[in-house]
Structure formats: C-alpha cells, structure tokens
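Structure first, commentary second.
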Amino acid sequence: MAKERLYLFDTTLRDGAQTNGVDFTLADKLAIAGLLDGLGIDYVEGGYPGANPADTELFAVDRNLKTTFTAFGMTRRPGRSASNDPGLAALLDAQADAICFVAKSWDYHVKVALETTEEENLASIRDSVRAAKAKGREVLLDCEHFFDGYKANPEYALACAKAAYDEGARWVVLCDTNGGALPHEVERIVGEVCKVIPGDHVGIHAHNDTEQAVANSLAAVRAGARQIQGTLNGLGERCGNANLVSLIPTLKLKKEFAQAFDIGVSDAALKKLTHVSHALDERLNRAPDRHAPYVGGSAFATKAGIHASAIMKDPATYEHVKPETVGNKRKVLVSEQAGRSNVLAELERIGLKVDKDDPRIGRLLEIVKEREGLGYAYEAADASFELLARRTLGTVPNYFDVTQFDVNVEQRNNAKGERVTVTMAVVKVRVGADNMISAAEGNGPVNALDLALRKDLGKYQRYIDGLKLTDYRVRILNSGTAAVTRVLIESEDEAGEHWTTIGVSPNIIDASFQALMDSIIYKLVKSGAPA
Ligand SMILES: [Zn+2]
C-alpha cells in the first residue's frame, strides 16, 4: 500500500518565541531555521513581518533554505479593504514562500474581541486568502480557537475553515489555542471537519495545557489531518506547543504511523534529532531536559541491577526503540543499588577492557558505595565515574598539580560610591617542571576559580581551549550530623559533547573545585593528551 504524505510545520520561531524568557535575535532565527531545514521540516514559520524589526529583516535576507519559509500575520482588518490595510500589505510584500494567516473561528471571539459581524469575518478570510494567492504565495489559515469555537457553534467554525479552503488556501489549520482540548474530542471534531474539507488540506496546531499536545496531534492525524504544527522541544507560550522532537520519532518508528505515512525527515536526519534538540537548548542557554522522551540524557538510562544484566544480553528487553535511531545513547547508571553487572556494562560503554572476574571491579564497586554514602551521585556524573573507574584500574596520568589556590570575595564602595562585590581567584599550578600562577576576576567565586584554573595549563592548554561550563547545580545534603554541599558541573567541548562531573564537601568552593578538576582531567583523557 502506498504511504500518504504527512507534512510537518515548525513554529518555533513564531509561537515558540512567545515562551517566557525566550528572545531570539536575527542570528538565532537563521541558525534555528538552518537546523530545521537540515532535519527536513516541510514548513518553517519565521515570524511576523511588519510587526517587529527583527522579523521584517529575517524576511528580507537571503536564507537559502529548502523548506517552505512561511510568514505569519493577520487577515485584513474588519471594515477595511485588503488593498487598504498596511499590516496585510507588509505581510504580502515579505519574501516568503507561504503566508499563514490567523483568523477567528469562534463566533464569541468575533463578536467580543473583533467587534464585528460573523459575515464580515468570513469576508476578511476570503479577501486575505485571495490577495495572498494573487501574490503567488502558498496560503495557510490558522483557525484560532477552532475546537472551543466548534463546541460552541460548529456551523460557524466550519464556515470559517470552508471559506479559506474554497478560496484556494492550501491548508486549513485547526488550532487548539487555549490548549484545553482532549484527544478523543480532537479526534471526533477533526473527523467531522474532514467530511467537509479533504484531510490532505487539514492541519492541527495543538497547545500543551493538559500535557496532551503530542497526543492531540496524533489523534488529529488518525482522524484524517495531514499537517502537524509544533515546535522544537515543545517551546511555546504557557505550557508550550506540540513537541516535534517527540512527534518525529513517533511518526517514524511506531508501526501505526510509520506504515501509513511518509514524512520529510529521513532516517539519517532522525539520527541528528538529539543533536538538534540540544543545539536549541544551547542557543537558549538552558540545560537539556534529562527526562525528555527519545532525546533526554535519561531516556535510555537504566538503574536497577537486574535490568542492566538483561540489557547487556539484549537491549530490546528494556527499550521501546533503539537509542541510536534518534542519535541518543544507551546508559546504564551506576548507583547505590548498582550491582556488578551495572559496573561492567558501564565499563564496556566507556571502552575499558576488564575481565569480569577481575578483583578490581569489586574494589571499584566498594569505592562507589562508600563515596555515595558521603553524598556523591555517580549516576548523575558520568565523567566523574569514568575517571574514578580509570583511576581504580590505574590508567589516569597525573597531568598537573594545583599546588595552591586562593579565592577572595570583597564587597566595597567603588569610585562612584556604589556598593560592588568583586571576586578574584589566584591558582598555582605545576605542570612537569614548570610552575605557573594565574589570576582571574569572575562574577562569583566559582566562576573566578574556573577562569583562573583554565587560564594557563602550559602544554595542556590547547586541549582545553574549547572547554566551557554549560550548567552548574548546587544542592545542600544533610548526611548524618553535618550538612554537605554537592556540586554538579556540566561541561561541553568544541565537538558539542557534554559531560557531567561532581564534587562533594562541607565547603562549596572545595566541592566546586573537585568538579572543575574532574571536568578538565576528563577532557585531557578524552583528547588523548600525553602524560
Ligand atoms: Zn499557537
């Protein structure tokens, strides 16, 4: 049976830009559009030309993308003609392959928000679609509040959708704008719409306010819709939009969808999904969600000992898909409950060849348990575990020694009489026969210490030039009588590889220092730096 084509429409740059704390620059938008294009997304909605300078510029520059680059905007204002609406004119002039209009489809909103008649709203939809088609653009219509509108007045909601379709819009997109619809409702209503408008002209735009945006999108496809709108990592206003990073592998790897549909994302592009998801977080300066389906650091991580031994025999026993299909990795966690099999599995992953009866494995397990009793959590710190394993098995060179460090935090008045806090760190390092002293100012003690430590490592400096810290987390633990501080540091190198290291101490600077040292030494080991 021939597969049907299902189209993906990304709105990370438009709806995703509504996310709290997200503010894309022009460079961000171009870079993200490039990632989406590389993935094989059919439509990339760039923004709202005419509404803000960055979006106007985005539509003016040469983008060189294969995707259908789409501009978003409103239908003509009520009471005006299409030729006499400056907002519509800016949208029509933008260099876009397609235009996605948004229009009301709930009679209540037409009356209260738009303050116009139902017939004038329909005329506005028809006129706007016609004007964009005359400009040679592919046209989409986002029917705002479609599901709420349909529940209140199905005839009118359908009339809005039908007006756009009859006028030649390529897609009529049903929006769950408030995000409150449930999958069985979406499936029923989309089914009703597809009796009037062919499903290969119907799209779904779901919001995640009941955490079912992905489920609602799949329900719409089951009912006949053939376009899904969503965002990378589920970015979007409030609780976000449908997450394309979860939808794409589901559509490609789950039988019901994979057998029925083709999407623009190839098997090779699917392998880049984890990278694309993390690259977006990187741009937003956020730590990736460890528990994200398919692409999270924990998505294919197993903790308990019995599972680990089964996974080593056959990974399919505890995995719903193969992690490498989405560019992720299998991970067996080493933890307090760890058995020998976990440690063996982890050593195999690291690439350390040890006989399974080697007595040093028992020793390593003892050290892990003892240190976890002190507050270390190796399941969250893969790189520190690897170093511990390599040290216990005797293979980490002593690259350099930090003979002394000093961190000074001073609060005082500056020349303008303002109260300022100044932090400085001085680090003495011995590399072979060379003694080095480095000093750095930072925006806090850990930052200053990190900068000083990485300023000059002599012959090792070139190995750590691309190293940077991407996340720093602190927790106070109450173990027994005294509180201790646990620091987790996430680092990244020039190749985009991430790792996490740990430090534990009653003193936060000391705990941070341990984690920083582990990160640097891990990078030297990984880069094959000579002893
Ligand atoms: Zn939306």
Side-chain angles (χ1 to χ4, degrees), residues 7-24 29 32-33 36 41-49 51-52 55 68-75 91 96 98-106 108-110 113-114 125 128 139-151 157 160-161 164 169 171-183 185-186 189-190 193 202-221 225 227-247 280 284:
Y7 294 84
L8 298 178
F9 181 109
D10 179 276
T11 181
T12 304
L13 303 180
R14 201 272 300 170
D15 232 355
Q18 303 300 316
T19 314
N20 227 334
V22 167
D23 195 10
F24 294 129
K29 285 202 163 193
I32 294 165
L36 291 162
I41 303 296
D42 303 291
Y43 295 82
V44 171
E45 191 170 52
Y48 206 154
N52 70 65
D55 283 4
T68 302
F69 203 70
T70 307
F72 174 86
M74 311 238 268
T75 49
L91 185 58
I99 292 179
C100 183
F101 288 110
V102 58
K104 307 271 180 218
S105 56
W106 185 356
Y108 168 72
H109 271 260
V110 171
L114 218 52
I125 292 172
S128 306
V139 185
L140 301 90
L141 182 82
D142 272 2
C143 297
E144 205 184 24
H145 297 291
F146 185 84
F147 293 92
D148 297 315
Y150 189 93
K151 287 179 207 169
C160 295
W171 293 102
V172 176
V173 183
L174 313 179
C175 302
D176 183 24
T177 309
N178 292 354
L182 301 175
E185 298 172 323
V186 170
I189 294 174
V190 172
V193 173
V202 174
I204 177 75
H205 177 111
H207 277 266
N208 205 29
D209 298 68
T210 71
E211 207 167 15
Q212 297 185 91
V214 165
N216 283 342
S217 304
L218 296 173
V221 170
Q227 185 194 93
I228 300 178
Q229 300 202 340
T231 59
L232 286 177
N233 296 347
L235 237 53
E237 208 172 3
R238 308 187 309 275
C239 315
N241 286 58
N243 186 356
L244 289 178
V245 174
S246 297
L247 278 162
L280 179 72
L284 298 174

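All ligand and atom numbering here is 1-based and tracks the order in the structure.
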In plain terms, say whether Asp55 and Arg14 are close enough for a salt bridge, that is, a side-chain N and a carboxylate O under 4.0 Å apart.
-> no
May I ask you to check whether Trp171 and Tyr7 place their ring centers less than 6.0 Å from one another?
-> yes
Cys175 near the Zn ion (ligand 1) via N/O/S, less than 2.8 Å = no
State whether a side-chain donor-acceptor pair under 3.5 Å links His145 with Asp176.
-> no
Backbone or side chain, does Asp15 get an N/O/S atom under 2.8 Å to the Zn ion (ligand 1)?
-> yes
Measure from the Zn ion (ligand 1) to every N/O/S atom of His205 and report the name of the nearest one.
-> NE2
Give the minimum heavy-atom separation between His207 and Glu237, together with the two atoms involved.
-> ND1-O, 4.4 Å
